[in-house]
Amino acid sequence: MAWRFLSKFSWDLDPEIYGDRHYNVFTHKFYPDVEDLIGSDIVAAVDEDFDSSVLFGTLRGTVVGLRYYTGVVSNNEMVALQREPNNPYDKNAVKVNNVNGDQVGHIKKELAACLAQIMDNKLAFVEGVVPYGANNAFTMPVQLSFWGRGENKQAVLDRLKAHGYKLAPPGNSSEFGFGTSWPPGKAGTSYSAPVHAAVQMTTEQLKTEFDKLFEDLKEDDKTREVEAAEAVITPLLQHQKQALAWMISRENNKELPPFWEKRENYFYNTITNFAEKKQPENVLGGILADEMGLGKTLTAIAVILTNFYDGKPLPVERKRNQLKEERIPAVKNYYKVSSISRAKEESDSLPSQSSTSHPQRATSKKGKYTVSNDSELKVQNMEKIKTKGEATNPGRKRRKASCDVQEDKAFASALEEPTISKKSKKKGTAAAQHKKNDTQEKLRTTLIICPLSVLSNWIDQLEQHVDPDICLNTYVYYGSERSKDPRVLSSQDIILTTYTVLASDYGTRGNSPLHKLKWLRVLLDEGHTIRNPNAQQTKAVLALDAQRRWILTGTPIQNSLKDLWSLLSFLKLKPFTDREWWHRTIQRPVTMGDRGGLKRLQSLIKSITLRRTKTSKVNGKPVLKLPERKVFIQHITLTDQERRMYCSVKDESTAAIARYFNEGTVLTNYADILGALLRLRQLCCHPSLCASASSSSCAEGSCTPEALREKLIEKMKLVLGSGSDEECAICLESLNLPVITHCAHVFCKPCICEVIQREKPNAKCPLCRKDIGLDHLVECPVEDADNERKPGQEWVPSSKINALMHALIELKKQNPAVKSLIVSQFTKFLSLIEVPLKESGFAFTRLDGSMTQKKRVEAIQQFQSNEAGSPTIMLLSLKAGGVGLNLTAASRVFLMDPAWNPAAEDQCFDRCHRLGQKQDVIITKFIVKNSVEENMLKIQNRKRELAAGAFGTKKPSSETKINEIKTLMDL
DNA sequence: ACCGCCGGGTGCC
DNA sequence: ACCGCCGGGTGCC
């Protein structure tokens with residue numbers, strides 16, 4: 001059983017590696033290079049501090065006023081405490097709510113007076129459990145737990161004392177409301193000693209074990225297969241049929257959501273001990289978490305066409321035969337014309353929405369649809385656009401005569417279920433078109449939200465997999481002239497849009513048709529896009545109203561467990577939509593190493609997630625037959641001259657670092673150490689990579705403001721220029737207008753400004769909690785247009801470049817058609833490599849983070865082309881592009897420099913080692929002998945172990961960091 | 001609330 | 001009696 005493996009693993013971790021068990025949960029990116037070095041460093045959360053908290057202690061209190069509220073609780077049920085500062089009787093009032101959010105009562109006023117101070121000053125989070133007396137009529141006891149940042153503990157104790165309260169120390173397990181006993185806090189001692197020493201495993205082994213979590217239940221509904229509807233013309237692979245069966249069963253399921261059970265005449269939540277009469281709703285959907293390349297998009301298309309209602313296919317009509325010869329793939333044309341470039345035409349020809357008169361109900365005899373005159377006009381116009389005005393194309397207008405009526409019939413018949421009242425049946429399509437408050441409403445439209453980068457992929461795949469002879473109404477909601485007419489939108493079968501468009505519509509409040517309508521299905525592609533709960537995109541997505549909800553993602557957990565919360569929130573699974581319950585019942589227990597928490601997490605995930613990896617098997621056969629992937633390490637010996645240069649920098653750095661060790665200031669000088677390491681890494685590649693560095697050297701503290709500024713800018717450039725695509729710790733997106741704080745942490749300017757505004761006048765750095773202010777932010781100066789190649793500077797080779805060129809030329813001799821990726825973290829290095837490539841007559845292209853989307857697409861298309869004369873080489877910066885990047889034209893990869901994080905390398909390799917790759921992939925890693933690079937390999941191996949831990953939420957101790965530095969510098 | 005608390009009624013044994 | 005005691009009214013914040 002995989003969970004057993006996992007929980008065992010999480011208990012047998014080597015404390016040397018994992019450090020002390022800490023409650024820190026939110027893994028926010030630290031200084032990017034630091035983050036890369038130490039894996040998942042954990043620092044205080046920006047948004048909610050309740051994640052890096054320790055338990056201060058517990059206190060028995062009283063809930064009063066039960067008489068006046070309807071919220072009920074059971075014994076041992078968790079309750080939430082909520083401040084109610086506007087209570088007319090007592091500004092200190094503290095409400096007590098049950099898991100459902102219904103008020104149970106108030107905290108007795110004397111205690112509330114004290115709690116109010118603690119809560120308002122954010123000194124602690126207070127959580128409650130009602131131990132007994134849940135049926136009392138007037139008051140009931142409540143066991144309160146106080147959680148907070150360690151440094152606030154004393155203040156909390158003092159406040160309580162001032163009011164005559166004293167916390168019972170943490171340790172007795174009763175405060176958790178679970179039967180399980182939890183490991184005590186940080187100072188606790190009762191962790192069971194590891195039975196086995198930590199065993200090093202290969203990444204592949206670990207992946208397999210980890211991913212078994214998602215497949216090891218041999219449930220019927222995960223191995224059963226369903227054929228797709230006829231309209232899907234691509235035959236599904238076996239694992240896709242299984243996914244289809246599973247998704248359909250999820251959409252039609254009437255079961256209870258996870259952790260709920262029926263007891264006598266009520267429903268009981270086994271995690272929170274909450275009970276209610278009403279059956280809690282299960283999500284009609286879930287997470288399709290297949291790894292990239294297993295065909296999630298095709299599977300999703302199949303679901304849309306196959307499961308309209310109750311397993312019946314989407315009622316689509318065939319286009320009439322005589323139209324066949326003039327058939328144009330509807331989807332593609334639709335896209336080309338209506339979505340972006342021609343959307344204006346559409347809009348211009350439409351009457352504006354405000355001038356639209358009320359739709360007139362045209363109820364024909366057989367007739368069950370409502371079409372307003374002008375809406376018909378719109379439809380016609382849309383069709384004109386859809387078909388580029390070709391009158392010959394079968395379209396909506398024509399279908400009015402040919403297939404539309406039939407379609408309506410088919411649609412209506414799909415609705416004719418015994419459960420539907422006559423009344424709603426009568427309304428037929430009209431009701432389905434747009435009728436908000438009809439509980440019987442049958443919805444039609446699937447809304448697909450994806451990143452812009454995969455929008456075209458959806459369109460391609462729809463065109464590729466859907467029978468072109470059917471009338472599938474697809475609308476690409478994108479571009480400034482997109483239609484906002486709800487009738488237009490709700491009559492579609494599929495609407496495609498992007499997170500950005502959705503968020504910007506949402507921002508306009510009241511003018512977001514996507515938020516006014518209810519959808520049959522909302523499908524989030526690359527669903528991890530919404531992992532940041534504070535992002536506007538996430539809020540926009542969460543505000544959508546849908547009957548069925550799906551998340552497609554190859555990486556449901558990207559940084560930490562907390563990534564899952566937004567996803568669960570979208571799925572609306574009680575009680576996890578409320579962050580407090582998610583946190584109390586799953587996130588914190590798991591992070592603390594609680595077995596029960598891990599079990600709950602696993603059972604939750606398993607019940608709503610389908611996960612297969614490239615190595616998953618169906619009936620003993622791998623789902624994907626990928627060619628082999630071989631990794632070779634090519635050792636490089638530096639020339640004498642290079643070695644001398646390397647040694648001089650190394651000696652200098654070693655001396656400095658040794659001094660830090662002696663002074664015990666290693667961690668405070670961490671950024672400088674990383675800088676030194678970066679220079680060494682660069683020297684392994686090419687001497688001129690680090691030529692400009694180390695110009696400013698002023699003693700700490702004695703800097704002039706100007707010198708400090710310079711220094712910070714240099715540090716920021718170090719971070720930005722190291723070649724990795726940096727993320728902002730606040731928005732978790734790529735840095736937008738990077739600024740550096742005085743404490744040397746880099747954020748997007750808008751993000752950090754917002755934090756400062758919100759927390760002023762006491763704003764603290766989200767990463768290190770040092771004071772920050774708007775006037776202390778240093779912006780990155782605009783780069784001089786081309787400082788890369790200084791004109792006077794002569795190009796010189798390096799050992800690595802020689803080795804690379806040698807390999808490339810040999811390869812070309814053997815097979816001139818073979819294509820290669822040349823990967824480096826240093827874009828400057830890629831530029832240097834361009835020179836000999838040109839000299840030797842290689843046709844190459846390039847992809848790095850600085851390129852616009854358009855240029856990227858161009859570069860990829862050129863490279864993927866199999867025409868003679870197309871580039872055989874792509875220079876690729878390690879982290880450029882999203883996960884979707886497809887570079888299968890390459891069968892060779894040259895990794896010029898090792899990354900701190902082996903996962904980043906693997907991801908990069910996967911860009912060519914994926915579906916569509918026909919040849920074995922050979923990867924060559926260039927590693928300089930006797931250098932920091934060799935030591936990085938050692939650390940990579942240790943990291944592979946760490947990555948397999950329970951969601952990588954363990955904080956490496958400072959000792960670990962120090963040991964890493966020792967390893968890297970041969971100290 | 002089978003409590004506590006309040007405030008009015010009441011007052012030898 | 002500027003008390004005690006009784007018993008009814010009452011009850012979150």
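Proteins come first, then strands; the chains are lettered A, B, ... in the order of their sequence lines, and each starts at number 1.
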d([atom1], [X]; [atom2], [N]) in whole Å:
{"X": "A/Tyr68", "N": "C/dG11", "atom1": "OH", "atom2": "P", "answer": "6 Å"}
{"X": "A/Lys95", "N": "C/dC12", "atom1": "NZ", "atom2": "C1'", "answer": "13 Å"}
{"X": "A/Glu110", "N": "C/dC12", "atom1": "CD", "atom2": "C1'", "answer": "11 Å"}
{"X": "A/Leu81", "N": "C/dC13", "atom1": "CG", "atom2": "P", "answer": "14 Å"}
{"X": "A/Phe138", "N": "C/dT10", "atom1": "CZ", "atom2": "C1'", "answer": "11 Å"}
{"X": "A/Asn136", "N": "B/dC3", "atom1": "CG", "atom2": "P", "answer": "14 Å"}
{"X": "A/Tyr69", "N": "C/dC12", "atom1": "OH", "atom2": "C1'", "answer": "6 Å"}

Pair A/Tyr69 and A/His106, ring centroids less than 6.0 Å apart =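 That pair passes the under 6.0 Å test.
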Considering non-hydrogen atoms only, spot the tightest contact between A/Thr585 and A/Thr272 and give its length.
->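 Heavy atoms only, the tightest pair is CG2-CG2, 3.9 Å.
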Which residues satisfy the side chain to side chain contact (heavy atoms under 4.5 Å, CB included) test with A/Val283, sequence neighbours excluded?
->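 Expected list: A/Arg250, A/Arg549, A/Leu571, A/Leu573, A/Ile608.
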Using the test side chain to side chain contact (heavy atoms under 4.5 Å, CB included), find all partners of A/Asn98 that sit at least two apart in sequence or belong to another chain.
->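 So A/Asn98 forms a side chain to side chain contact (heavy atoms under 4.5 Å, CB included) with A/Val73, A/Glu77, A/Asn100, A/Asp102, A/Val104, A/Phe274.
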Where along residues 83-92 of chain A does a heavy atom come under 4.0 Å from DNA chain C, residue by residue in number order?
->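 Hits under 4.0 Å, by residue number: A/Asn87, A/Tyr89, A/Asp90.
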Nucleotide opposite C/dG11 in a Watson-Crick or G-U pair, distances under 3.5 Å =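 Pairing partner: B/dC3.
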Remember a base hit wins even if backbone is also touched, and classify A/Leu66 as base, sugar-phosphate or nothing at under 4.0 Å, heavy atoms.
->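 Since no nucleic acid heavy atom lies under 4.0 Å of A/Leu66, the category is nothing.
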With sugar-phosphate meaning primed atoms plus P, OP1 and OP2, does A/Lys108 contact a base, only sugar-phosphate, or nothing at under 4.0 Å between heavy atoms?
->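 The answer is sugar-phosphate, as A/Lys108 gets under 4.0 Å only of primed atoms, P, OP1 or OP2.
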Salt bridge (Lys or Arg N to Asp or Glu O under 4.0 Å): pairs with one or both residues in residues 258-267 of chain A, sequence neighbours excluded |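 Passing the test, one end in residues 258-267 of chain A: A/Glu261-A/Arg263.
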Residues two or more places apart in sequence or in another chain: which of them pass salt bridge (Lys or Arg N to Asp or Glu O under 4.0 Å) with A/Glu84?
->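 Salt bridge (Lys or Arg N to Asp or Glu O under 4.0 Å) list for A/Glu84, sorted by chain: empty.
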If the [atom1] atom of [N] is compared with that of [M], how far apart are they to the nearest Å?
{"N": "B/dC2", "M": "C/dC13", "atom1": "C1'", "result": "26 Å"}
{"N": "B/dC6", "M": "B/dA1", "atom1": "C1'", "result": "15 Å"}
{"N": "C/dG4", "M": "B/dG11", "atom1": "C1'", "result": "9 Å"}

For C/dC13, does OP1 or OP2 lie under 4.0 Å from any side-chain N or O of A/Lys109?
->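 Indeed, a polar side-chain atom of A/Lys109 lies that close.
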Residue list, ring-ring contact (aromatic ring centres under 6.0 Å, His included) with A/Trp550, at least two apart or on another chain =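 Result, ring-ring contact (aromatic ring centres under 6.0 Å, His included) vs A/Trp550: A/Trp246.
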